[in-house]
Amino acid sequence: MFDVDAIRREFPLLGREVYGKPLVYLDSGATAQKPLQVIETLDRLHREQNANIHRGVHLLAEEMTERYEEARARIAAWIGAAEKEEIVFTAGATASLNTVAHAWGEKFVGPGDNIVVSELEHHSNIVPWQLLAERKGAEIRVLPFDDEGALRIDLLPSLIDDRTRAVAVTQASNTLGTRPDLRPVVEAAHAAGAVVVVDGCQGAVHGGIDVQALGCDFYAFSGHKLYGPTGIGVLYGKRSLLEAMPPFMGGGDMVDRVTFARTTFAPVPLKFEAGTANFIGAIGLGEAVRFMQRFDPAEIDAHETALLHRAEVRLREVDGLRIYGSVPGKCAILSFNVEGVHPYDMGMILDKLGIAVRTGQHCAEPVMDHFGVTGMCRASLALYNTLSEVDALADGVQRAVRMLR
């Protein structure tokens with residue numbers, strides 16, 4: 001059985017008080033809290049095993065290298081990659097997406113080509129493509145969503161053509177919670193010879209991923225949203241594509257042989273892991289995946305869906321409150337505004353009540369523009385949240401509205 005009380009005991013920070021009140025942490029979409037097994041693993045690595053990887057022949061270096069590569073293999077299996085060499089460790093999802101835009105884009109995008117980007121995207125899956133388009137003389141085309149938050153899949157035939165080189169799309173919107181059906185996107189892109197680049201930051205947490213079943217070409221996610229450390233992320237890429245791409249950065253550990261006449265490069269994935277990797281972060285991320293593997297994904301999804309349903313029911317009791325995104329099957333992310341109340345004011349009052357939510361544009365300004373707002377309040381729920389915390393949010397919003405009106 002899914003025991004949320006037992007799970008919460010594994011997250012030390014959730015026992016904290018804020019302004020004398022129990023913390024209600026509803027900002028996991030920005031960064032999730034860390035379970036003890038991740039915290040203790042990081043501490044133990046620093047205390048007992050710290051040594052650089054892939055370089056030394058001494059015991060500590062060999063132990064750390066082995067654990068680093070074990071983490072790669074665990075993550076590859078967890079997301080359904082064909083082999084562990086398709087997993088590149090990066091500094092985060094933003095670094096992963098920029099790696100594709102630079103290393104793949106520099107070689108395969110040229111003047112007159114186009115890149116299709118969904119309107120749902122986080123800035124990290126928009127700006128790198130804009131920069132690439134500016135460098136290459138390519139065009140950015142936007143796949144819009146409707147007012148309920150559903151991607152306009154019906155518009156794909158008018159956007160994708162024989163000059164489309166890439167389609168960038170989220171697995172789950174960080175603002176609206178929409179989990180679009182990516183199968184028609186992948187099919188349309190591949191029929192035109194384009195690659196599909198998926199931002200999986202929220203999708204990996206809420207529902208999981210099988211990259212082979214999805215059929216995407218690249219997939220990016222970050223550790224800190226997946227109950228793992230900050231400063232670590234993953235880029236999955238099909239091996240044939242990674243091998244065809246030039247390196248993004250040069251330095252140590254990504255080379256085969258270096259002379260002033262010519263440098264040859266290490267095989268994938270090391271070709272894209274220049275310099276000293278965040279090896280402790282990578283092992284910590286592997287430990288976060290191990291934590292996730294303890295649970296049935298369907299149980300996590302059922303728990304988070306129950307939280308989301310309760311939040312929607314309770315918040316709709318608030319006069320003048322609008323929830324953004326109403327597509328069936330959305331993940332446990334709920335963004336809202338109250339008529340006449342600025343989201344920052346709402347967030348500040350909730351904070352004084354011990355309730356942590358996100359306020360602002362959520363690094364998704366085109367989504368704000370779509371709805372004609374300057375910002376939203378966002379409650380992003382996680383496997384460790386409870387129905388009583390959802391009720392505390394609703395009661396806090398009611399109280400804030402009474403104060404601000």
Side-chain angles (χ1 to χ4, degrees), residues 79-82 86 88 93 96-133 135-146 149-174 178-204 207 209-221 234-245 327 329 364 366:
I79 70 168
E86 295 181 324
V88 178
S96 297
L97 293 165
N98 274 274
T99 296
V100 180
H102 279 266
W104 177 87
E106 286 295 329
K107 183 171 182 179
F108 293 103
V109 176
D113 290 339
N114 67 78
I115 302 160
V116 177
V117 180
S118 102
E119 191 183 15
L120 286 172
E121 299 312 298
H122 186 283
H123 294 165
S124 293
N125 209 18
I126 298 174
V127 179
W129 304 112
Q130 290 177 324
L131 295 173
L132 172 64
R135 292 195 303 271
K136 293 293 189 173
E139 175 191 4
I140 297 294
R141 295 179 177 178
V142 179
L143 174 61
F145 62 86
D146 64 23
L151 269 186
R152 293 288 308 277
I153 301 298
D154 58 300
L155 297 179
L156 283 172
S158 65
L159 295 170
I160 296 178
D161 58 29
D162 60 1
R163 298 303 299 271
T164 303
R165 296 293 173 258
V167 178
V169 64
T170 186
Q171 186 188 8
S173 166
N174 77 314
T178 302
R179 290 190 280 198
D181 181 2
L182 296 184
R183 289 173 297 180
V185 177
V186 172
E187 290 170 2
H190 287 175
V195 301
V196 178
V197 185
V198 177
D199 174 358
C201 282
Q202 304 299 333
I209 177 62
D210 183 333
V211 291
Q212 290 190 79
L214 178 59
C216 63
D217 302 285
F218 298 101
Y219 185 92
F221 65 96
V234 167
L235 169 63
Y236 157 81
K238 291 180 178 177
R239 182 164 189 154
S240 59
L241 292 171
L242 293 176
E243 289 181 340
M245 291 159 51
V327 177

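One is the number of the first residue; the rest follow in order along the sequence. All figures in this text were calculated on a predicted structure; none of them were measured in a lab.
With hydrogens and angles ignored, the 3.5 Å screen pairs a side-chain donor or acceptor of Glu119 with a backbone N or O of Phe145. Under the 3.5 Å distance criterion, the side-chain polar atoms of Arg165 are matched with a main-chain donor or acceptor of Asp162. Side-chain atoms of Thr164 never come within 3.5 Å of backbone atoms of Ala166 as a donor-acceptor pair (strictly under, hydrogens ignored).
Residue Trp129 holds its CH2 atom at 9.0 Å from CG of Asn98, rounded to the nearest 0.5 Å. Here the straight-line distance linking atom NE2 of His102 with atom CG of Leu131 works out to 6.5 Å at 0.5 Å rounding. Separating the CD atom in Gln212 from the NZ atom in Lys238 is a distance of 9.0 Å, to the nearest 0.5 Å. Remark: Leu156 CG to Asp161 CG distance equals 12.0 Å, nearest 0.5 Å. To the nearest 0.5 Å, atom OG of residue Ser124 and atom CG of residue Leu97 are 6.5 Å apart. Between atom CG of residue Asp199 and atom NE2 of residue His122 there is a gap of 7.5 Å, rounded to the nearest 0.5 Å.
You'll find the side chain of Arg135 stays beyond 4.5 Å of the side chain of Val109, heavy atoms only. Annotation: side chain of Val198 is in contact with side chain of Val169 (closest heavy-atom distance under 4.5 Å). Counting heavy atoms from C-beta on, the side chains of Leu151 and Thr178 never come closer than 4.5 Å. Within the 4.5 Å cutoff, the side chain of Pro366 has heavy atoms near those of the Ile126 side chain. Tyr219 has its side chain out of reach of Glu86: every pair of non-hydrogen atoms, C-beta onward, lies at least 4.5 Å apart. Annotation: side chain of Ile79 is in contact with side chain of Phe221 (closest heavy-atom distance under 4.5 Å). Residues Lys136 and Asp113 form no side-chain contact, since every pair of their non-hydrogen atoms from C-beta on lies 4.5 Å or further apart. Counting heavy atoms from C-beta outward, Pro144 and Leu155 have side chains that approach closer than 4.5 Å.
Summarising the geometry of Arg179 relative to Ala172, their closest heavy-atom pair is CG-CB, 3.8 Å, with the distance given to 0.1 Å. In this structure, Gly215 and His190 approach most closely via the heavy-atom pair O-CE1, 3.0 Å. Residues Cys216 and Tyr236 come closest through the heavy atom pair O-CE2, 3.9 Å. For the pair Ala189 and Val196, the tightest heavy-atom approach, listed with the atom from each and the gap, is CB-CG2, 3.5 Å. Listed here is the closest heavy atom pair of Ser96 and Val234: OG-O, 3.0 Å.
One side chain, Ser118 or Glu121, offers a donor N or O that lies under 3.5 Å from an acceptor on the other.
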Side chain to side chain contact (heavy atoms under 4.5 Å, CB included) assessment of Val117 paired with Asn125
CA-CA 8 Å; Val117 180; Asn125 209 18; 5.7 Å; no
Would you check, one step at a time, whether the test salt bridge (charged side-chain N to carboxylate O under 4.0 Å, His left out) holds for Arg183 with Glu187?
CA-CA 6 Å; Arg183 289 173 297 180; Glu187 290 170 2; over 6 Å; no
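Here the options are Leu159, Leu143, Ile160, the test is side chain to side chain contact (heavy atoms under 4.5 Å, CB included), and the partner is Val167; only Ile160 passes.
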